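Heads up: the structure comes next, in structure tokens.
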Amino acid sequence: MQLKHPELVDLLKQAYSAEKAAAFAYQGHAAAVKNIEEKKAIQQIEIDEWNHRDEVLAIMKQYNVPISKYYEFRFHVVGKIISFSCHVIGWFMPFYFAGRLESGNVCEYFRMKQFFNSLGIKEHDAILYEMGIKEKEHEVYFLNQIKDNKMLPFFEKLFSWGGRKSLNNIDLEKKYPVEQSDSYCKK
Ligand SMILES: [Fe+2]
Ligand SMILES: [Fe+2]
């Protein structure tokens, strides 16, 4: 079956490649931190991102969506640059920008779910929901690491993400089940 939804097709291709960028970035991030607990947590997040990439690919295959060579190249370069930069920009910024990035990624999966649902396809709901929630957990992890840092208020003002501002409307403390998650990331 072919997907008649150009926006969804593009989102799938982009997410597939962006997960690689994220995984590369976390390799650099994990290597750059000295604290063992932090290193382990970031390595686990890297594994989560590789798993997401596999899950997205499985969906793409089902609808004969090809991997984008352009996105693969672009996100490869982006991931490697971020990975390297983690060694030179200090401790705070890699945590901050990882959290901000994750905050945006949450809605990618909920938007995919909405797009599939608009085509009458419900079979990917559970996995897309699970991936969106996992990105939210990543966001919360990174935020918790920096929430008491004195640089956070300044960065929050500048980049519109932090303790008060999130780029999504999911609250892990009061989580909706998958069947009631339509209000997540509604524009
Ligand atoms: Fe991911
Ligand atoms: Fe993530």
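If you're wondering where the values come from, they're calculated on a predicted model, not measured in any experiment. Counting convention: from 1, in listed order, for ligands and their atoms alike.
Leu167 and Phe110 fall into different hydrophobic clusters, where Ile, Leu, Val, Met, Phe, Trp and Tyr are joined by side-chain heavy atoms under 4.5 Å apart, directly or via other members.
Side chain of Ser83 to main chain of Phe24: a donor-acceptor pair is present (N/O by atom type, distance under 3.5 Å, no hydrogens or angles). Formation of a donor-acceptor pair under 3.5 Å by the Asn117 side chain with backbone atoms of Ile121 is found in this model.
Taking the N/O/S atoms of Glu49 in turn, the shortest distance to the Fe ion (ligand 1) belongs to OE1. The N, O or S atom of His52 lying closest to the Fe ion (ligand 1) is ND1. Within His138, the N/O/S atom positioned nearest the Fe ion (ligand 2) carries the name ND1. If you look at Glu135 and ask which of its N, O or S atoms sits nearest the Fe ion (ligand 2), the answer is OE1.
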Give the intermediate values and the outcome of ring pair (Phe, Tyr, Trp, His ring centres under 6.0 Å) for residues Phe97 and Phe159. CA-CA 9 Å; Phe97 288 109; Phe159 299 104; 5.1 Å; yes
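Between the Fe ion (ligand 2) and Glu102 there is an N/O/S contact shorter than 2.8 Å.
Using the six-membered ring where Trp is involved, Phe95 and Tyr141 have ring planes that are tilted, between 30° and 60° apart.
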